[in-house]
Every structure is written in structure tokens, then in C-alpha cells.
Amino acid sequence: MNARWLRFLFLALLLWWGSTAFFTVAESEQALVTRFGAPRAEAVGPGLHLKAPWPIDSVVRIDARLLVFDGEPIEMLTADKKNVLVDSFLAWRVADPVRFAQTVKSRDQAEARLLDVSAAELGAAVGAVPMASFINTAADSLELRALSQRVAAAVDDLTRASFGIEIVDLQVNGFTLPPQNRSSVIARMRAERARIATRYRSEGEERALEIEASAVAEREKLLAEARSKAEAERGRGEAEAMKIFAEAYSQDPEFYRFLRSLEAYETILDEETTLFLESDSRLLRNLDGP
């Protein structure tokens, strides 16, 4: 009985030991087979694979996906000695599984190395340009995109050679001021905006005065031209009236004098008017009849 159980136990252990020669790799992974800790060959992809049973060969599983590392904002110094908080992220993946397994081994250690390298390269890049390259109302003066590309290339060269890590992208997703500097910088920005607003207002008032003066001059010019034309028309009208008057007077002087007398009566006489006239007055003669 004891011998039968020993044989059964031995077969079970043999089957288990043989099963350790098979391993599967998920779609999101790549696996590296090591023999007594030393990598045997290149990493293998998803599927069922065969290796020497444990403890001869072991399997190191490495994430094959595109990973994103978003660290905490880091305070840096610009070229004009201004403190800024730079918040960045990078997308990375394992390009050389053998080197990755020999150096960092895990995602946590890999991201710790990425933080050190990216912070150093980003700090050097930020320290080479002034504050105006990051905070400016002129879009052409901003260098965030070009700076991110330069840093991404520098970090990729270093991590690919040292850790087998490829940097797919690196971007600055936040650029702010430290809390202790924020109030003073905002005050300076407000003062600058106020100065610009004052200059715009003064220029606007000056332009308004120029337009108003031009309008007044144009108005006086138009009025003078209108007066000149009116005087000319009035002169022509009076000349025409005098001509007609002369022609009418020459045709019947007595009748014209009579009409002038009637016009004079209409002008000087009303219900409350009392006249004292001489006996030979022309007005009295017309009132008394022929």
C-alpha cells in the first residue's frame, strides 16, 4: 500500500515537473526565458511556448503595451532666473526586453529611472530659455512644442541605450508658477496690462481729437461754401429783381408811385394809428381821391 502511494506521488510530481516546461504569454505581454538567471534568447510573443522545466528555466514577463507615466510637477529655473512648476508626462514602451530585464526589471523601477532622466533633461532645457518662451500673449514666441520634442529625443537616446526603453512621446501638460511667486507675478502682469490699456486709451483719445478737428474743419469749409453760394444766388436774385423793377417803372411811373403809396399805407396804417399830414402831402392826396 505504501509503495503504491509512493509511486502515485512520484508520478504526480513528475507530471507537475513536466508541466512547468509549458507556459503561455498573454496578448499584452512578451516573455523572456532565462536559464539560471541568464537570458537564453530573444523575447517571445503571445501564445503557448516550451522551455526547460523548473528550476532550469524561468520566465520573466514584460508588459508590451504603450504605458503612460505622469509624475508630479517639478519646480525648475528659467534662463532669466524665474521659478516655474513644470508638469509633464511621457508615453513609453519596452523596446529591448533583454536589456530591460537586466537593468530595471519592473515597471516601478523603470518609471523611477524615467523620472530622473526626464527631470534632468527637462530642467536643462527650461534653464536655457527665458520665461517669455512659456508665458506670452504672442503665440509665435512660445517654445513649448519645440522644447518637448527636444527633450523627448534626448530622453529616448539615453533610456533606449541604458534601459531598453523607447520614449514614444513627451509633452508638457502644465506650466504654472510656484505659490510663493504667483501673487507678485500676477501683480506685475496686471500692472503691465494697465499700462498697455492706458496707452491704448491715450492713443484713442488723440485719434478722437484728430477726427473731431478734421470734422469741424470740414464743417466750416462746407458752411463757407454754402454761404458763398447763397450770397451769389441772393445777388443774382436781387439783380434780377432790380431789373424787373426798372422795367416795370419805366412802363408807367405814375402807377408805380401809386402802388408804392398803397404799400406805404399798408405798412404804417392800422386801427390805432393817427396821422397828421400837410395839405399838399402825397399820402393825403391819394386818400382824398383825385
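Taking 4.0 Å as the cut-off between side-chain N and carboxylate O, R199 and E203 count as a salt-bridged pair.
Inspection of the T78 and D80 side chains reveals an N or O donor paired with an N or O acceptor under 3.5 Å.
Counting heavy-atom neighbours within 6.0 Å of R207 CZ, excluding the residue itself, gives a total of 12 or less. The 12-atom threshold is exceeded at CD of E225, counting heavy atoms of other residues, nucleotides or ligands nearer than 6.0 Å.
A pairwise comparison of heavy atoms in P97 and A95 identifies CD-O, 3.7 Å as the closest pair. Of all heavy-atom pairs between S118 and L115, the closest is OG-O, 3.3 Å. Pairing each heavy atom of A128 with each of A79, the nearest pair is C-CB, 3.8 Å.
Through direct or indirect side-chain contacts shorter than 4.5 Å among Ile, Leu, Val, Met, Phe, Trp and Tyr, I244 is connected to no other residue. Hydrophobic side-chain contacts under 4.5 Å tie F89 into a cluster, directly or through other members, with V68. In the hydrophobic clustering, where aliphatic and aromatic side chains (Ile, Leu, Val, Met, Phe, Trp, Tyr) are joined below 4.5 Å either directly or transitively, L209 stands alone. Alongside Y200, the hydrophobic cluster contains I196 (criterion: ILVMFWY side chains under 4.5 Å).
Evaluation of the salt bridge (charged side-chain N to carboxylate O under 4.0 Å, His left out) rule for E121 yields no partner, not counting sequence neighbours. With sequence neighbours left out, E205 forms a side chain to side chain contact (heavy atoms under 4.5 Å, CB included) with no residue at all. Every residue meeting the salt bridge (charged side-chain N to carboxylate O under 4.0 Å, His left out) condition with E231, not counting sequence neighbours, appears here in chain and number order: R234. Under the rule for a ring-ring contact (aromatic ring centres under 6.0 Å, His included), F69 has no partner lying at least two apart in sequence or in another chain. A search for salt bridge (charged side-chain N to carboxylate O under 4.0 Å, His left out) contacts involving R227 returns nothing, not counting sequence neighbours. Applying the salt bridge (charged side-chain N to carboxylate O under 4.0 Å, His left out) criterion to E220, with sequence neighbours excluded, gives no partner residue.
The line from CD of E111 to CD1 of I165 is 9.0 Å long, rounded to the nearest 0.5 Å. Here CD of E206 is found 15.0 Å from CZ of R201. Values are rounded to the nearest 0.5 Å. Once rounded to the nearest 0.5 Å, the distance linking CG of L90 with CG of D169 reads 8.5 Å. Of the inter-residue distances, the one linking S106 atom OG with F100 atom CZ reads 6.5 Å to the nearest 0.5 angstrom.
Counting only heavy atoms from C-beta outward, the side chains of F163 and Q109 never approach each other to under 4.5 Å. Annotation: side chain of R65 is in contact with side chain of D63 (closest heavy-atom distance under 4.5 Å). Counting heavy atoms from C-beta outward, L114 and I167 have side chains that approach closer than 4.5 Å. Contact of the L122 side chain with the I74 side chain is not registered, since no non-hydrogen atoms from C-beta on lie closer than 4.5 Å.
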Result block: side-chain N/O donor-acceptor pairs under 3.5 angstrom for residues 24-33, not counting sequence neighbours:
none

Full working for side-chain contact (heavy atoms from CB on, under 4.5 Å) between V151 and V172: CA-CA 10 Å; V151 173; V172 176; over 6 Å; no

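S202 places a side-chain N or O within 3.5 Å of a backbone atom of T198 that can act as its donor or acceptor partner.
The only option from D157, L158, D156 that meets the side-chain contact (heavy atoms from CB on, under 4.5 Å) definition with R160 turns out to be D156.
The stretch residues 84-105 participates, sequence neighbours left out, in these side-chain hydrogen bond (donor to acceptor under 3.5 Å, both in side chains) pairs: R93-E166.
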